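First comes the structure, then the notes that go with it.
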Amino acid sequence: MKINFILILMSIIFFSCSKTNNIKEKNSMEKIISTEIIDETVKELELKFPESDRELLKRGVQLTGEFWLAEDGSPDDFKNFCINNYLQDKKLLMERFSKNLETVYGNFIRISTVMQFPVHVGNDPLLPVDEVFASWSPFARLNDDWFGNKLALVLHLNFPYYSLDERDEKGLQWSDAENAAVNLGLNFASRVPGKLQQAANEISTRSEMYISEYNIYMNNIVDENGKKYFPEDMRLISHWGLRDELKSNYADKSDTGILKQKLIYDLMLRIINQDIPQEFINAKGNDYCPVNNKFFKNGKETAFERENDRRYACLLDIFNAERAFDQYSPLYPDAIKRAFDQGLEMTFERVETIFTTFLSADVNAELAKLISKRLGRPLQAYDIWYDGFKTRGSISEDELTAKTAKLFPDAEALEKYLPQILQHLGFAKERADEICKHVAVDAARGSGHAMGAGIRGDVSRLRVRIPETGLNYNGFNVAMHEFGHNVEQTISLYNIDNYLNSGIPNTAFTEALAFIFQKRDLSVLGFDKNTGLDSELTTLDLYWGALEIMGVALVDMYAWKWMYANPDATPEQLKKAITDIAKDVWNRYFAPITGVENSPILAIYSHMISYPLYLAAYPVGHLIEFQLEQHLENKHFASEIDRIFSIGHRSPDTWMTKATGSKLSAKSFIKAAADAVKALQ
Ligand SMILES: [Zn+2]
């Protein structure tokens, strides 16, 4: 997981995405600049600056006209504004924006980091104000301010917008300065009013709360005979906790393991279908049998109210909020374009093609057969969560924890040790010290995350939960993942001359380095992981996981297409649509390899409700990881990491080509899986 600059910007752009249907906009995007005014303005500017690139000049004026509202002035004011603010030589203007945006973004991130500190770090009890401090964002009003004083309009006039296709096509030829100008033009891509943004934040928080309070008391789950299988104090969140419990039962080879898995699967179906009793959610005491949907109070079967489609009502609220943003976003006029073209910098269609190609690969059926053989039974729908490829070699987890707890009793010890980790991975001592100077470690309240800096001089933060008894092995594994993020965050900020080129194309790229670091955790601890078939098992574990999450991501993606095609749908209609979509994706890609038909299980993910349209980033991260790993083979790891993460913010294909010599594709990952299946057969 990673919280950083990009994520914070994205959270403004599309995560915190909601607004209720009934907030009607008074000051909507009322455009007053006609094509005639645009043409006149362009003509005058051409006379004034005969040397200027006509195409770019026109593009800048057009976009400025798109964003110009009645409140900004009359059409004549618009013309004068363009003539007075257009510069032929943009060097100094770009320097100003670069320096000032670094100051604004960097310090806003600093402020947010301080506001969120009690919620993210430590063990002290939280005050009620802590949540308010944490959810206040200095970014919320930035659009209002910079469009209001027309700085954002000066930016669009002088640094025209390039589409994703153009950036993919021309990116390799651009100099650093040209690329910086293009990146600058990507800022302020929508003019959503702060008030709307605030309303959206509230809906988003409400959906997150709905999900974060969706717990199931597992000891109250019974089978058809009233028998209980789960421990007294087990409280699991849907869907993550339920899924992880289902996974952990692969270790139990007895019939009980399978019974528990089936009960969890049935429970998930009841949640998708919303026939789970409302009273049973997040409440202890009464029993529920998900197999026959019967509810018991004091041991007696009782009638109940079902949850009644609230899950889908939440998603519709988010959809309506996003739709309200559409008119303020001329460059990305719907939520799908904002999530994909803008956020992921890959089109919906491109991601869809990559996923469907991956989901149709020949190796999938062989892998499914291998899993069925290892399980000694035909596959069930829930085996998309098969966990039997995980390996710790011959070292027990206790032995590993003994080592990590001793090495890392607290955050300070871990921070001190970071340069040694980099040296182990092949970085020279001096370079390791230099990178780690910009990384600080805090003891996290949650399981862990990494936060990048937005300004040179600030540090990126590695957060991981460190118990009183010292860091356990699981925590160290998380810390290695987060440290991968920190290394990316540091190189891609400090090793790049122009701030406007800093960063990476999107969050999937930083996830890739995080995965690469995480995989090397045992080697860093001095246990050589690459013995026997461990690396093949790890590949298959990741591959099977990628298949599952690509299926889930497709359901999320198609659900949004459906909502845009049916904007007046009721929650009940949306439920039916999503269930049908989930079954359709299942029947296309999972039924042929598992032999199970019509399962709607891919609709269970909670991200769909609390972080809509984000799931695609995870499997894309794994694709990048495998393409990088293949490139890194037989090369000097440290110097390549340094070189690759200094490429900066370019379009994904430009970045991948500069990094590995070829565009982003699923080939490496599929090939690695095919090799691994062969090795294991
Ligand atoms: Zn991560």
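Computed from a predicted structure; not experimentally measured. As the structure lists them, so they are numbered: ligands from 1, and atoms in each ligand from 1.
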Pairs of donor and acceptor atoms involving the side chains of residues 410-420, under 3.5 Å and at least two apart or interchain, shall be tabulated with distances.
from: D410; atom 1: OD1; to: E412; atom 2: N; distance (Å): 3.4
from: D410; atom 1: OD1; to: A413; atom 2: N; distance (Å): 2.9
from: E415; atom 1: OE1; to: V441; atom 2: N; distance (Å): 2.9

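- Inclusion of E482 in the first shell of the Zn ion (ligand 1) is not supported: no N, O or S atom falls under 2.8 Å.
- Note that CG of L101 is 10.5 Å distant from CZ of F108, once rounded to the nearest 0.5 Å.
- Residue H481: an N/O/S atom is found under 2.8 Å from the Zn ion (ligand 1).
- Computed with the Zn ion (ligand 1) at the centre, the E511 OE1 to H485 NE2 angle is 100°, stated to 10 degrees.
- In terms of the ring pair (Phe, Tyr, Trp, His ring centres under 6.0 Å) criterion, residue partners of Y386 (sequence neighbours excluded) are, by chain and number, Y250, F389.
- One finds the NE2 atom of H622 at 11.5 Å from the CD atom of E629 (value rounded to the nearest 0.5 Å).
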